[in-house]
There are 2 protein chains.
Amino acid sequence: MQQMAPLARFLPYQLSIASNAVSGRIAQEYRARWGLSVPEWRVMALLGDFGTITQRDLTRLSLMDKVAVNRACKVLEDRGLVERTPNAQDGRSHLLDLTASGREMHGQIMPLAREMERRICAGFSDAELDTFRAMLDRLHRQSEIVDADDIVSDNFGIE
Amino acid sequence: MQQMAPLARFLPYQLSIASNAVSGRIAQEYRARWGLSVPEWRVMALLGDFGTITQRDLTRLSLMDKVAVNRACKVLEDRGLVERTPNAQDGRSHLLDLTASGREMHGQIMPLAREMERRICAGFSDAELDTFRAMLDRLHRQSEIVDADDIVSDNFGIE
DNA sequence: AGCCATTTGTTGCATAGGCAACTATCCTTC
DNA sequence: GAAGGATAGTTGCCTATGCAACAAATGGCT
């Protein structure tokens, strides 16, 4: 058992481990302090930044599933952090916005987010972080491009 | 809605997006081709590399929850890909190993894993990938170090 | 040998998350 | 202005995942 697992050098695996550790750490913080789930936190952040928008806008901005956005909004509304008003332009949707207490929470949430990001990234230069972000973005896009049938068609080195 | 979402520059979020995209892509591949879940695939990979080990060993090596390992092993055993033999040294655990058909599948699984990794990482130099791995590792460790109470005690810049 | 803390594997429960289907509304086309 | 397809939001269902609690077995200590 001295040997290093090859799995530990498998990049998608390393990515998953790191992401889970970071996300879990942050989720734990928001849950303990305000009882917010990750989707709820993201909606709070976006509403604070963009003001009056619809669930569809939130779905596009957050890259989350529309159901996740909907459920987060419902919880936040029940807690009095978010309010819906009818959308005059489109009867299907509502306009969402933070309430006064929602804005107050947002004012605490964002500084904590930045502080946690700062601590987690401590020791990295801005240049390193920019490179890192760029690589994340490329991996993201690349993984959507890769075509399954394309891989199926060759036998990846096995005779 | 022209503005760029600040959330899109929040590193933990970018990490999560990229990781989900990559993992999802690979999971989809293994599910479509062999009906394997991610935990099942990881157990196959580790058993193929390490031979005769216990669930506890698999838990340590994979960094997964012991329940996830247990369930993956059960499924693989039912499918005849893995077999358990009693552990003479410790009556609580069993020794796990790939069956003949499990080894055959492993022989196809690992090349596909490496091929997908290669395609997803296409365009990056070895040096870039090494740096990237090192950063993932540091982010992982750093996020476990950050102490919640420590952050609670200061008010992160808010008066 | 007997007791107690620890460890391994297992089961059950509770939650999160995504997908498909549905309703209501909108928009285009005729 | 009626019909058809598209879109926003909602609900229900199904799966994945993790934790807590448990049983069986071990090892240390007296």
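Note that this is a predicted model, so its numbers are computed, not measured. Within every chain, numbering begins at 1; the chains are lettered A, B, ... in the order of the sequence lines, protein sequences first and strands thereafter.
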Can you check whether B/Met135 reaches A/Leu129 side chain to side chain, under 4.5 Å on heavy atoms?
yes
Any B/Leu11 side-chain heavy atom under 4.5 Å of B/Leu139 side chain:
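B/Leu11 reaches B/Leu139 side chain to side chain.
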Does one side chain, of A/Ser93 or A/Asp90, offer a donor that lies under 3.5 Å from an acceptor on the other?
no
Less than 4.0 Å between a side-chain N and a carboxylate O, is that true for A/Arg71 and A/Asp65?
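No salt bridge links A/Asp65 with A/Arg71.
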Whole-Å distance separating the [atom1] atom of [X] from the [atom2] atom of [N]:
X       : N      : atom1 : atom2 : result
B/Asp90 : D/dG28 : CG    : P     : 12 Å
B/Leu58 : C/dT10 : CG    : P     : 12 Å
A/Gln55 : D/dT11 : CD    : P     : 10 Å
A/Ile17 : D/dT17 : CD1   : P     : 13 Å
A/Arg31 : C/dT15 : CZ    : P     : 10 Å
B/Gln89 : D/dT26 : CD    : P     : 11 Å
A/Asn87 : D/dG9  : CG    : C1'   : 12 Å
B/Arg42 : D/dA16 : CZ    : P     : 14 Å

Have a look at [X] and say if it touches a base, only the backbone sugar-phosphate, or nothing, with a 4.0 Å heavy-atom cut-off.
X       : value
A/Thr59 : nothing
A/Ser37 : nothing
B/Arg84 : sugar-phosphate

Would you say A/Lys74 reaches D/dG9's phosphate, i.e. side-chain N/O to OP1/OP2 under 4.0 Å?
no
Looking at B/Arg92 and C/dT7, is any side-chain donor or acceptor paired with a base atom of the opposite kind under 3.5 Å?
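Such a pair is found, so the answer is yes.
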Return a single string for nucleotides 18-23 of chain C, one symbol per nucleotide in 5' to 3' order, where B is base contact, S is sugar-phosphate-only contact and - is none, cutoff 4.0 angstrom on heavy atoms.
BBB---
Quick one: does NZ or CZ of A/Arg138 land under 6.0 Å from the six-membered ring centre of B/Phe124, within 45 degrees of the ring axis?
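The answer is yes, since A/Arg138 meets both limits relative to B/Phe124.
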Between B/Ser93 and A/Ala88, name the one whose nearest nucleotide on DNA chain C is closer to the 5' end.
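Its nucleotide being nearer the 5' end, the pick is B/Ser93.
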Before you tell me yes or no, could you show the steps for B/Arg118 and B/Glu115 under salt bridge (charged side-chain N to carboxylate O under 4.0 Å, His left out), namely the whole-Å CA-CA distance, both residues' side-chain angles and the distance that decides it to 0.1 Å?
CA-CA 5 Å; B/Arg118 194 186 65 74; B/Glu115 175 62 17; 3.0 Å; yes
Quick note, B/His94 side chain, CB onward, closest among C/dT10, D/dA16, C/dA16 is C/dT10
Dump the intermediate steps for salt bridge (charged side-chain N to carboxylate O under 4.0 Å, His left out) on B/Arg133 and B/Asp126, then the final yes or no.
CA-CA 10 Å; B/Arg133 284 182 218 272; B/Asp126 287 349; over 6 Å; no
